[in-house]
Amino acid sequence: MAVEIFYGTKEIPADFGPSVVTIGVFDGVHRGHRLLIDTAVKTARDTDTKAVLVTFDPHPVTVFLPERAPLAVTTLDNRLKLAEEAGIDAVVVIDFTRELQGLGPKDYIQELLLDGLRTVRVVVGENFTFGAGAAGTAQTMEELSGEMGFSTTIVPLLNEDGVRMSSTTVRDFLSDGDVERANWVLGRHFSVSGPVVRGNGRGGKELGYPTANQYFPESIAIPADGVYAGWFTLDSAQAPVTGNIEPGKRYAAAISVGTNPTFGDSERSVESFVLDRDADLYGHDATVEFVSRLRGMVKFDSIDELLDAMRNDVRGARAVLADDAARHAWASAYFFLRTDAPSDAS
């Protein structure tokens with residue numbers, strides 16, 4: 001059964017619940033977030049109630065301190081998808097510009113948790129805050145829950161090897177180009193999704209490396225400029241695809257992030273060279289997963305130097321992605337990767 005999505009408390013049916021609720025922005029849905037979600041889902045299954053995730057869009061910081069708004073690790077659509085995959089039954093999306101803003105802790109709990117979701121238990125992280133001016137804390141929630149007729153589970157923050165599993169940590173790793181460490185925090189490959197658009201056409205016509213070009217708003221986190229090994233997946237196509245790329249299947253790719261300094265381009269893009277495949281993807285949505293950084297962005301003195309580097313990038317991508325597929329024990333039908341392509345050495 002698909003996850004139910006309610007945009008605001010007014011969309012919640014009057015007979016909804018009872019429920020176990022976890023609350024937060026959940027940007028990234030990283031491993032720390034998964035502790036909260038998994039706790040809520042297990043509790044809901046054990047008590048025959050519904051597991052509900054309450055998230056916020058836009059991020060509350062963009063409402064109260066827009067100059068400090070963080071880059072988004074995941075879009076709302078991706079958060080909803082990941083919540084469903086984790087077993088959440090329903091998601092409530094709260095827009096602070098329209099709801100809950102200015103409510104004190106008790107009124108916040110009454111409107112969202114009791115009147116709306118008929119909550120029997122709340123699962124929050126130890127650094128959780130809520131209500132006007134962030135006056136409520138996890139301890140406040142625990143104290144008020146006994147008084148107001150529900151219970152609270154406070155989940156400690158997840159730390160490993162001295163690193164806190166947080167959205168901020170993911171952003172820091174991405175800004176360094178360290179997608180492997182970002183993936184470690186996330187518990188999956190960092191990815192971006194968006195439409196494939198026409199670039200300058202140089203990759204295919206001049207260089208023999210046609211790329212699928214994607215551009216993202218400045219509010220979206222993407223890795224530092226450089227070349228990466230990763231997977232390219234065409235999302236469910238609304239129209240037929242001309243070529244030999246199928247929707248829903250991972251394809252090995254060498255991915256360039258940056259502005260193409262060799263040619264003096266100025267607009268930052270994500271360009272995926274899908275190995276050993278050829279298709280017209282313009283107008284289709286695609287997801288790019290980052291596995292490992294191959295090198296930084298370099299301005300080459302000649303086209304020949306650039307082509308030599310690109311051939312090395314493709315060889316490096318094959319090796320990295322072969323290891324990644326083996327590590328995940330993926331069946332061959334789940335991805336496409338040739339490890340014996342002779343053209344890499346030309």
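Numbers here simply count residues along the sequence, with the first being 1. The shown structure was predicted, so the numbers you read here are calculated from the model rather than taken from an experiment.
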### Query
Does the side-chain contact (heavy atoms from CB on, under 4.5 Å) test come out yes or no for Arg268 and Glu218, once each step is laid out?
CA-CA 10 Å; Arg268 199 160 182 248; Glu218 292 183 357; over 6 Å; no

### Message
salt bridge (Lys or Arg N to Asp or Glu O under 4.0 Å), that's the test. Do Glu289 and Arg188 meet it? Break it down for me.
### Response
CA-CA 9 Å; Glu289 298 171 90; Arg188 65 179 188 282; over 6 Å; no

### Query
When you look at Leu186 and Arg34, which way does the side-chain contact (heavy atoms from CB on, under 4.5 Å) test go after all the steps?
CA-CA 9 Å; Leu186 289 168; Arg34 280 300 303 263; over 6 Å; no

### Query
After noting the C-alpha distance and the side-chain angles of Phe290 and Tyr228, does the key distance pass the ring pair (Phe, Tyr, Trp, His ring centres under 6.0 Å) rule?
CA-CA 7 Å; Phe290 292 84; Tyr228 299 83; 5.4 Å; yes

### Task
For Tyr7 and Asp57, run side-chain contact (heavy atoms from CB on, under 4.5 Å): C-alpha distance rounded to whole Å, both residues' side-chain angles, the deciding distance at 0.1 Å, then the answer.
CA-CA 10 Å; Tyr7 291 92; Asp57 187 64; over 6 Å; no

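With contacts defined as side-chain heavy-atom distances shorter than 4.5 Å, the pair Thr153/Val122 does not qualify. Residues Lys81 and Asn78 meet the side-chain proximity criterion, which asks for heavy atoms closer than 4.5 Å. Taking 4.5 Å as the limit, some side-chain heavy atom of Leu174 sits within range of a side-chain heavy atom of Phe190. No side-chain heavy atom of Ile88 sits under 4.5 Å from any side-chain heavy atom of Val52. Side chains of Leu103 and Glu111 form a contact here, defined as non-hydrogen atoms less than 4.5 Å apart. At a threshold of 4.5 Å between non-hydrogen side-chain atoms, the residues Gln214 and Phe216 count as touching.
Ion pairing of Asp161 with Arg181 is absent here, as no side-chain N (NZ or NE/NH1/NH2) approaches a carboxylate O to less than 4.0 Å. A salt bridge links Glu4 and Lys50; the closest N-O separation between the charged side-chain nitrogens and carboxylate oxygens is under 4.0 Å.
Within the cation-pi definition used here (under 6.0 Å to the ring centroid, within 45° of the axis), Arg121 does not qualify as a partner of Phe150.
Checking side-chain atoms of Glu305 against main-chain N and O of Phe300 turns up no donor-acceptor pair under 3.5 Å. Judged by distance alone, with hydrogens and angles left aside, the side-chain atoms of His33 form a donor-acceptor pair with the main-chain N or O of His30 at under 3.5 Å. A distance-only check finds no donor-acceptor pair linking the side chain of Asp313 to the backbone of Val227 [under 3.5 Å]. Under the 3.5 Å distance criterion, the side-chain polar atoms of Thr129 are left unmatched by any main-chain donor or acceptor of Ala134. With hydrogens and angles disregarded, no donor-acceptor distance shorter than 3.5 Å links the side chain of Ser272 to the backbone of Val274.
Between the side chains of Asp77 and Thr75, not a single donor N or O lies within less than 3.5 Å of an accepting N or O.
Separation of the Phe335 and Trp231 ring centroids falls under the 6.0 Å cut-off.
Between Phe6 and Phe16, the two ring planes are perpendicular [angle over 60°; tilted spans 30° to 60°]. Ring geometry for Tyr334 versus Trp330: interplanar angle over 60°, hence perpendicular rather than tilted (30 to 60°).
For the ring-ring contact (aromatic ring centres under 6.0 Å, His included) condition, the pairs that include at least one residue of residues 99-118, sequence neighbours left out, are Tyr108-Phe130.
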Considering only distance and modelled atom types, tabulate donor-acceptor pairs under 3.5 Å from the side chains of residues 21-28, sequence neighbours left out.
residue : atom : partner : partner atom : Å
Thr22   : OG1  : Val123  : O            : 2.9
Asp27   : OD1  : Val73   : N            : 3.0
Asp27   : OD1  : Thr74   : N            : 2.9
Asp27   : OD1  : Thr74   : OG1          : 3.1
Asp27   : OD2  : Val73   : N            : 3.0
Asp27   : OD2  : Arg171  : NH2          : 2.8

